[in-house]
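What follows is a set of notes on a single structure, which appears directly below.
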Amino acid sequence: MTKKNFDLEQILEAFGLNLNDYNYKPFGSGHINSTFLLESLRTDQKFVLQKINTHVFPKPWVIAQNIGNTSEFLSRNHPDYLFIHQIRTKDAQDLAVVEQEYWRLSPFISNSYSINTVSDPKMAFEAAKAFGLLTKNLHSMPLDGLQPSIQGFHDLAWRYQQFEDALKNGNQERIKSIPKEIDFVINQKHLVDTYQEIISNIDYPTRMIHHDTKINNVLFDQTTNKSLCVCDLDTLMPGKIISDLGDMVRTYTCEESEESTNFENIKVRPEYFEALMDGYLSQMKALITAAEKENLFFAGPFMIYMQGLRFLTDYLNNDIYYPIKHPEDNLNRAKNQRILLDDLLSKEALYVELINKIV
Ligand code: ADP
Ligand code: GN1
Ligand code: MG
């Protein structure tokens, strides 16, 4: 049992569970929410309990509604699809609100594991297939009435605006000390223009998108190593496929994680790029529109640029969003993303050719 500063007894009670029957421990390695594993002391029953970070998600009930609607749609239309549903409270609510904090409970998917880095293209294929399958199964889900759990989450123009605001109002000493990082972002602003052009095309549809396709948000089967399902559904909301595809390019193709300062190793591995495109398109190929097809390469630059921009903006704003262990963490993350983006853009012809082989 670990030290806690919340009333676990009351939280479990809201879900009709008795604290004396469970062991609990922190779980996972995400930046945003607090995740715990609850293990029954008497049976092999396990749950995942999560406290929603309300600084990042100011309307937790929007998350619950997006997941709830999706869950309902899938159970009606794709009953065999494995989707991590929310376990309701005794009062039939999706979230337990205890001391103004929002908690949700889901079943733990047994015989599963997740990984933090991709060291086999087969895993990239499997993970991408899992995210493609999710969007494919949600293809005909009505999106009216759904709200974004974070307003403007992957709106690159808005992210750029936040960067410009940070240049004006942020830590002036930091701004002066990193001209190379700042100039790089400004010099690549053409990516913002391309983004705006793409999303304003009426042939570029809005779909149900996961929006956080990092490898540790896929659960793999311990027996077969095939993907079982996706987890971390806070940002499951309407969006564009460049978000999911791009975050996979960003996080599966590089041998080092976004935290790495082994800058000489930061580059895109073509075989992982090909594997993830292959996995995603194995599900989505028949559904994508001509405009989506034409812009598949843009997904990677879009997401890597946006993530670098977000890390850099946070650095200029004195690290208010992403947790840091060292004052330079956000700067190093931004450098890492800058190097990765540079490498990807310098070999655009190669990657476009790989994509054209698949679509
Ligand atoms: P975060 O990234 O915000 O910490 P996640 O929802 O991704 O939260 O959960 C953290 C980790 O816990 C995941 O990477 C996965 O390994 C594991 N996990 C999450 N939900 C489940 C689940 N329902 N069953 C099994 N493992 C899970
Ligand atoms: C955050 O929760 P986590 O660590 O999976 C962030 C993502 C970033 C990611 C970078 C809600 O995700 O957008 O890509 O960090 N989530 C939110 O590591 O901001
Ligand atoms: Mg996660």
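The figures here come from the full heavy-atom set of this structure, side chains too, leaving out hydrogens, waters and symmetry mates. First listed ligand is number 1; within each ligand, the first listed atom is number 1. Note that the numbering runs from 1 along the sequence shown for the chain. Please read these numbers as outputs of a predicted model, since none were measured by experiment.
Among the atoms of Asp212, some N or O lies under 3.5 angstrom from an N or O of ligand 2. For ligand 2, one of its N or O atoms has an N or O atom of Gln307 under 3.5 Å away.
In this structure, the side chains of Asn217 and Ser114 stay at 4.5 Å or more apart for every pair of heavy atoms. Taking 4.5 Å as the limit, every side-chain heavy atom of Arg338 sits out of range of all side-chain heavy atoms of Gln188.
Relative orientation of the His211 and His154 rings is perpendicular, given thresholds of 30° and 60° on the angle between their planes. Taking the six-membered ring where the residue is Trp, Phe297 and Tyr351 present parallel rings, their angle staying beneath 30° rather than reaching 60°.
Atoms of ligand 2 found under 4.0 Å from any heavy atom of Val56, numbered from 1 in the order shown, are 11 (C). In the vicinity of Asp232, heavy-atom distances shorter than 4.0 Å reach the ligand 2 atoms 5 (O). Residue-ligand proximity, Ile150 to ligand 2, at heavy-atom distances under 4.0 Å covers atoms 11 (C). Each of the atoms 11 (C) of ligand 2 lies under 4.0 Å from some heavy atom of Phe57. For ligand 2 and Arg250, the ligand atoms under 4.0 Å from any heavy atom of the residue are 10 (C), 14 (O). Using a 4.0 Å cut-off to heavy atoms of Tyr321, the atoms of ligand 2 that qualify are 11 (C), 17 (C), 19 (O).
Remark: of the listed residues Glu181, Gln307, Arg250, Arg250 is the sole one forming a side-chain hydrogen bond (donor to acceptor under 3.5 Å, both in side chains) with Gln337. Shown are Leu38, Val48, Ile11, Asp94; of these, the side chain to side chain contact (heavy atoms under 4.5 Å, CB included) with Leu105 is made only by Leu38. Shown are Phe6, Phe15, Phe47; of these, the ring pair (Phe, Tyr, Trp, His ring centres under 6.0 Å) with Trp103 is made only by Phe6. Each of Thr261, Thr117, Asn262 was evaluated against Glu256; a single residue qualifies, Asn262, per the side-chain hydrogen bond (donor to acceptor under 3.5 Å, both in side chains) test.
Ring centroids of Tyr322 and Phe311 are separated by less than 6.0 Å, placing the two rings close together.
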Between ligand 1 and the protein, which N/O pairs fall short of 3.5 Å?
| from | atom 1 | to | atom 2 | distance (Å) |
| --- | --- | --- | --- | --- |
| ligand 1 | 2 (O) | Asp232 | OD2 | 2.9 |
| ligand 1 | 4 (O) | Gly30 | N | 3.2 |
| ligand 1 | 4 (O) | Thr35 | OG1 | 3.4 |
| ligand 1 | 6 (O) | Gln50 | NE2 | 2.9 |
| ligand 1 | 7 (O) | Asn217 | OD1 | 2.9 |
| ligand 1 | 7 (O) | Asp232 | OD2 | 3.1 |
| ligand 1 | 8 (O) | Thr35 | OG1 | 3.4 |
| ligand 1 | 8 (O) | Gln50 | NE2 | 3.1 |
| ligand 1 | 14 (O) | Asn216 | O | 2.5 |
| ligand 1 | 16 (O) | Ser114 | OG | 2.5 |
| ligand 1 | 23 (N) | Pro107 | O | 2.9 |
| ligand 1 | 24 (N) | Ile109 | N | 2.8 |

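Distances from the Mg ion (ligand 3) to each N, O or S atom of Asp232 single out OD2 as the nearest.
Among Lys214, Arg310, Met303, the residue whose heavy atom lies nearest to atom 7 (C) of ligand 2 is Arg310. Counting heavy atoms only, Glu258 comes closest to atom 10 (C) of ligand 2 of the residues Glu259, Glu258, His211, His154.
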Inset, instruction - Any chance you could lay out the ring-ring contact (aromatic ring centres under 6.0 Å, His included) test for Tyr272 and Tyr252, step after step, and finish with the verdict? - result: CA-CA 7 Å; Tyr272 288 76; Tyr252 304 177; 9.1 Å; no
Inset, instruction - Please test Glu258 against Arg333 for salt bridge (Lys or Arg N to Asp or Glu O under 4.0 Å), starting from the C-alpha separation and ending with a verdict. - result: CA-CA 6 Å; Glu258 68 192 10; Arg333 291 165 180 157; 5.6 Å; no
Legend entry - Phe36 and Phe27: CA distance, side-chain angles, deciding distance, ring-ring contact (aromatic ring centres under 6.0 Å, His included) verdict: CA-CA 5 Å; Phe36 303 93; Phe27 197 51; 9.8 Å; no
Inset, instruction - Please test Ser40 against Thr43 for side chain to side chain donor-acceptor pair (under 3.5 Å), starting from the C-alpha separation and ending with a verdict. - result: CA-CA 6 Å; Ser40 167; Thr43 68; 3.2 Å; yes
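The nearest N, O or S atom of Asp212 is not closer to the Mg ion (ligand 3) than 2.8 Å. For Asn217, the nearest N, O or S atom to the Mg ion (ligand 3) falls under 2.8 Å.
Ranking the protein heavy atoms by distance from atom 16 (N) of ligand 2 puts Ile32 CG1, 3.7 Å first. Nearest non-hydrogen protein atom to atom 15 (O) of ligand 2 is His31 ND1, 3.2 Å.
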